[in-house]
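Working notes, beginning with the structure itself.
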Amino acid sequence: MKLSTKSRYALEGLLYLSVHGSNQPLSVKDIAAGTGVTVAYMEQIFFSLKKSGLVSTTRGARGGYELSQPAEEISVGMIIRAIDGNIVPVKCVDNLSLCTSRVRSNCVSRQVWIQVSNAIADVADSLTLEELKNKYLAENGGAEHENIN
Amino acid sequence: MKISTKGRYGLRALIDLAISNDKGYVSLADISDRQDLSLNYLESIFANLKHAGLVIGMAGAQGGYVLSKPAKNITLFDILTVLEGDMSVYDNVGDETKIRSFLNRNVWDAVDENVNQILTQTTLEDVIDEIEIQNLSAGCSEL
């Protein structure tokens, strides 16, 4: 039951942006270098994040990406949904009509998938970028002292 | 994030088997019919479940499968680790950068732990009890 690599890298990029981008926008190049993800992949990811409204861009020589809302209002769950479209392990959890089985209305296993889905979302929706940023800074002694490895 | 077809179909079939478990060996043809699942696919899934020791198979006209132990002694974790393998939401691939290892510890491991708690605490019997309660209340509302 794996999350997409893309959504995991998106969280890495956004955490990097909240740690290092509080004073000025960051370029995709900076974010890629800071996370060890390729520039091309990070570009794709930030394009998706922009489309779903989690980040915005500013133009100009010092332009780049910034969070479009306060870090305490962005949860891990929002980031996964922005990239993967949903956060459920089986699609019937969101919408039973997506199941094509003739026995779907008496499905014996759907309740299990709903419980698993809730277990995932409970954690993901309660963790915010702000909390992660503060914890990360506490572990690493501030943004200035950082190198990626 | 996706549970594989094998995981989804396998769990459904195993719950069906558990519901009929007191009636002796259940044929895969019956499960196939009740659960709208392909017989071929069920045969391959049940070969797996048998190999893992979750079900016992018997050949012959009256043959089929039964659970290898009481439903209250089989957890969802036992079942899904056979069908899905590792239930973690992430693979440990790629370089272990500082930011990645931080997120593994503080986010993804926490998600895994919460999921595992549900899976290890819920038995096949709990699942069946829940279904019976639902059927009962559905029956009552029709009266």
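The structure displayed is predicted, hence computed values, not measured ones.
No part of Asp112(B) comes within reach of chain A, as not one of its non-hydrogen atoms sits under 4.5 angstrom from that chain. Neither the backbone nor the side chain of Glu113(B) comes within contact range of chain A; no heavy atom of the residue lies under 4.5 Å from a heavy atom of that chain. Neither the backbone nor the side chain of Leu37(B) comes within contact range of chain A; no heavy atom of the residue lies under 4.5 Å from a heavy atom of that chain. When heavy atoms are compared at a cutoff of 4.5 Å, Leu132(A) approaches chain B by way of both its backbone and its side chain. Proximity to chain B (any heavy atom under 4.5 Å) is shown, for Lys91(A), by neither the backbone nor the side chain. With a 4.5 Å cut-off on non-hydrogen atoms, Leu119(B) touches chain A through its side chain but not through its backbone. Proximity to chain A is limited to the side chain of Val127(B), based on heavy atoms less than 4.5 angstrom apart. Neither the backbone nor the side chain of Leu14(B) comes within less than 4.5 Å of any heavy atom in chain A.
The residue among Asn104(B), Val107(B), Leu80(B), Ile19(B) with the most heavy atom pairs within less than 4.5 Å of chain A is Val107(B). Comparing Ser117(A), Ala119(A), Ala121(A) by heavy-atom pairs within less than 4.5 Å of chain B, the highest count is held by Ala119(A). Annotation: maximal heavy-atom pairing with chain B below 4.5 Å, among Ser101(A), Ser7(A), Ala124(A), occurs at Ser101(A).
Members clustered with Val66(B): Tyr25(B), Ile56(B), Met58(B), by chain and number, using a 4.5 Å side-chain heavy-atom cutoff among hydrophobic residues.
Between Lys135(A) and Arg105(B) the shortest side-chain heavy-atom distance does not fall below 4.5 Å. Within the 4.5 Å cutoff, the side chain of Leu103(B) has no heavy atoms near those of the Tyr136(A) side chain. Asn114(B) is not listed as a side-chain neighbour of Ile120(A), based on a closest heavy-atom distance of 4.5 Å or more.
By the salt bridge (charged side-chain N to carboxylate O under 4.0 Å, His left out) test, Asp126(B) pairs with no residue at all, sequence neighbours left out. Under the salt bridge (charged side-chain N to carboxylate O under 4.0 Å, His left out) criterion, Asp16(B) pairs with Arg34(B), not counting sequence neighbours.
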Between Trp108(B) and Leu3(A), is a side chain to side chain contact (heavy atoms under 4.5 Å, CB included) present by the stated rule, with each step listed? CA-CA 10 Å; Trp108(B) 310 128; Leu3(A) 278 164; 3.1 Å; yes

Steps toward salt bridge (Lys or Arg N to Asp or Glu O under 4.0 Å) verdict (Glu84(B), Lys2(A)): CA-CA 10 Å; Glu84(B) 286 290 298; Lys2(A) 304 299 171 214; over 6 Å; no

Can Val37(A) and Arg100(B) be said to form a side chain to side chain contact (heavy atoms under 4.5 Å, CB included), step by step? CA-CA 11 Å; Val37(A) 176; Arg100(B) 190 161 300 155; 3.8 Å; yes

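Heavy-atom neighbours of Phe77(B) CZ from other residues, nucleotides or ligands within 6.0 Å: at or below the threshold of 12.
Grouping the Ile, Leu, Val, Met, Phe, Trp and Tyr side chains by contacts below 4.5 angstrom, directly or via other members, places Ile118(B) apart from Val93(A). Cluster annotation: Val39(A) is not connected to Phe47(A) through the hydrophobic network of ILVMFWY side chains, with a link wherever side-chain heavy atoms come within less than 4.5 Å.
Within residues 102-113 of chain A, the residues approaching chain B closer than 4.5 Å by heavy atoms are, in numerical order, Arg102(A), Val103(A), Cys107(A), Val108(A), Ser109(A), Gln111(A), Val112(A), Trp113(A).
Scanning both residues, Arg8(A) and Asp91(B), for their nearest heavy atoms gives NH1-O, 3.5 Å.
Distance check, rounded to the nearest 0.5 Å: CZ of Phe102(B) to CG of Leu15(A) gives 6.0 Å. Here Asn106(B) contributes atom CG and Leu127(A) contributes atom CG; the two are 8.0 Å apart, rounded to the nearest 0.5 Å. Residue Asp84(A) holds its CG atom at 8.0 Å from NZ of Lys2(B), rounded to the nearest 0.5 Å.
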